[in-house]
> 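First the structure, then my questions, so here it is.
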Amino acid sequence: MSETRVVVQADLPIGTISPRIYGQFAEHLGRCYYDGLWVGTSNTEIANTRGWRTDALQALKAMPVPLLRWPGGCYADHYHWRDGIGANRPVRLGMSCGLTVEDDNRLGTHEFLDYCKEIGAEPYLAGNMGSGTPQELCDWVEYCNTTLNTNLGKERKANGSDGPWNVKLWGVGNENWGCGGNYTAEQYALEYKRYSTMLRHVDSTAELVVCGLTDDWNRVIMHALKDHLDLVDHVSIHRYWSAGPAVDFSEEEYYKMISTSDETEPFLQSTAQIIEAVTRGRKKVGIALDEWGVWAPEAKHTCNYEQVSPLRDAIATAITFEVFHRQCNVLTLANLAQVANVLHAPVQTSGTDFWRTPTYHAFNLYAPHIGATALHTLVDGTSFCLPDGSAGVSATSSVSAVGDFTVSLINRHLDKTVQVRLTGAAGSSAAGRLLTAESPRAANSASTPNAVVPIDLDVTGDSASGWTCALPRHSIATVTVRR
Ligand code: AHR
């Protein structure tokens, strides 16, 4: 069996891994929010807590979900927040991504913020620029955050929330280059300045997210904001990828998914360079990768944007986390699309059935990194390679405030097991957890909810000679070294 060395460089910290980069996205799209998270209290046989399905609630608490974005997506630019407060809520067209449904607005601001509180997530609200007004968005911010006894503050109290929620993160539109209004970058930049100027007056501490796209678009908007850096805190970019069918992918497509996941990094780097070229240290403006994930060709609007999410997607997730950790000084938040049922979902449901996808388990395996300090991690990329010559093993590591190391490893190879020797992580004991299956096509489902679940990984050795473990083909592992 080949051996690969992984070296944790404890004296080379990168930065803090913000909880916000382990965020999720819940859009009113298909069965994500309604059905995936919410089933109501009447006429349902599904166990629920005040209407929230209990299985999803418990699973998301445990995953965990430090940040949750809502209500869209493309839905955000049709959403009028006043429809979702109070007792008499109108039935409107719920519109996103070509799906048009009746939306009775049962789930509005209070319900979403209640859910965030319940699962321990920071809320991130996406505002409506496409069909809204600056005043409408200002009013939403005031309704959520004012401590004053204004009419909106009183209305919030009358609707059941005494104290303000103090929502920090506000998106000013979503994909305004497309579904959010088909603006040009120049038009959007002008609109953004108007909206954000007004929002700043309402809440000077809100963190405002401008809609980005490609390097060209991002250059235009950053240039337009160069003398108004107080108006922007994060630049939103999205990244979806696919490589062949969700499950019946070829060997070539398996490896394509691996390399495509890695390509998230140059996109973050070029975005960071564009931001830095304008900010020049005058203001910290971060990158909000507020939609990311695998978008399989099967997930079309005709099938509610649902897809099977096999082990390969969990490996893609783990690769993306490695990128996130390396870029944690410029990436300020990220949201997987989407949290339930839709696209690259960590949890899926069908009637009373509920299961965690392998991606859920990837999030849970990497959770110990949250809030820790990312460390440079060297991998010997010559002894064990993929067919294209790139390294077969990749790794990320972090150290917690109390000095425990977490090292996460990926064996990207489709067919070969590899022995890993881990050095640089000093501690008294090490334990590991492993996620793998017979095939990267393996997935969980209603009838086989536990086909792909983490198991214990045997880790031997000590700090002096290094910790060793055998990583099976196409697997992810997390080794925790206790101080
Ligand atoms: O996540 C699904 C959709 O993808 C979102 O609504 C939109 O922002 C993006 O195009």
Side-chain angles (χ1 to χ4, degrees), residues 23-37 65 67-81 92-101 103 107 112 124-132 137 169-183 185 188 192 209-214 217-218 221 234-242 246 260 264 267 271 287-309 313 316-317 320 333-348 357 359:
Q24 300 288 331
F25 171 36
E27 181 169 11
H28 285 258
L29 177 63
R31 296 192 310 117
C32 177
Y33 201 37
Y34 288 100
D35 212 26
L37 304 183
V65 181
L67 177 72
L68 191 58
R69 177 175 184 246
W70 175 83
C74 295
Y75 181 89
D77 283 289
H78 281 293
Y79 184 64
H80 300 287
W81 68 273
R92 304 272 191 218
L93 287 177
M95 288 172 280
S96 181
C97 305
L99 288 182
T100 304
V101 295
D103 186 342
L107 298 180
F112 173 70
Y124 169 14
L125 297 179
N128 178 348
M129 177 187 273
S131 64
L137 190 46
L169 286 164
W170 293 89
V172 182
N174 167 78
E175 295 195 353
N176 302 89
W177 40 265
C179 65
N182 278 312
Y183 290 86
Y188 172 74
Y192 178 83
V209 186
V210 68
C211 166
L213 174 62
T214 54
W217 170 288
N218 298 343
I221 54 161
H234 312 266
V235 177
S236 154
I237 52 173
H238 294 169
R239 187 173 166 84
Y240 290 102
W241 56 92
S242 67
T260 309
T264 310
F267 185 35
T271 308
I287 301 171
L289 182 63
D290 50 16
E291 291 183 28
W292 69 270
V294 174
W295 190 320
E298 291 89 335
K300 303 186 189 93
H301 84 270
T302 44
C303 50
N304 266 351
Y305 294 95
E306 295 186 21
Q307 64 195 36
V308 176
S309 200
D313 293 4
T317 301
T320 311
L333 65 94
N335 305 81
L336 178 76
Q338 299 193 0
V339 69
N341 289 330
V342 165
L343 300 177
H344 189 167
V347 300
Q348 295 181 332
T357 66
T359 292

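Heads up: numbering here begins at 1 and tracks the sequence. Atoms within a ligand are numbered from 1 in the order they appear, just like the ligands themselves.
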> Kindly say whether the aromatic ring centers of W81 and F112 come within a distance under 6.0 Å.
no
> Which residues satisfy the salt bridge (charged side-chain N to carboxylate O under 4.0 Å, His left out) test with R31, sequence neighbours excluded?
D35, E306
> For ligand 1, list the protein residues that place a heavy atom within a distance below 4.0 Å of one of its atoms, sorted by chain and number.
F25, E27, L29, G73, C74, S96, C97, N174, E175, H238, Y240, E291, W295, Q338, L343
> Sequence neighbours excluded, which residues qualify as side-chain contact (heavy atoms from CB on, under 4.5 Å) partners of D77?
N128, M129, N174, N176
> Would S96 and E27 satisfy side-chain hydrogen bond (donor to acceptor under 3.5 Å, both in side chains), going step by step from the backbone distance to the final call?
CA-CA 9 Å; S96 181; E27 181 169 11; 2.6 Å; yes
> According to side-chain contact (heavy atoms from CB on, under 4.5 Å), who are the partners of L213, at least two apart in sequence or on a separate chain?
W177, W217
> Quick test of your reading of the model: are E291 and R69 salt-bridged, counting only N-O distances below 4.0 Å?
yes
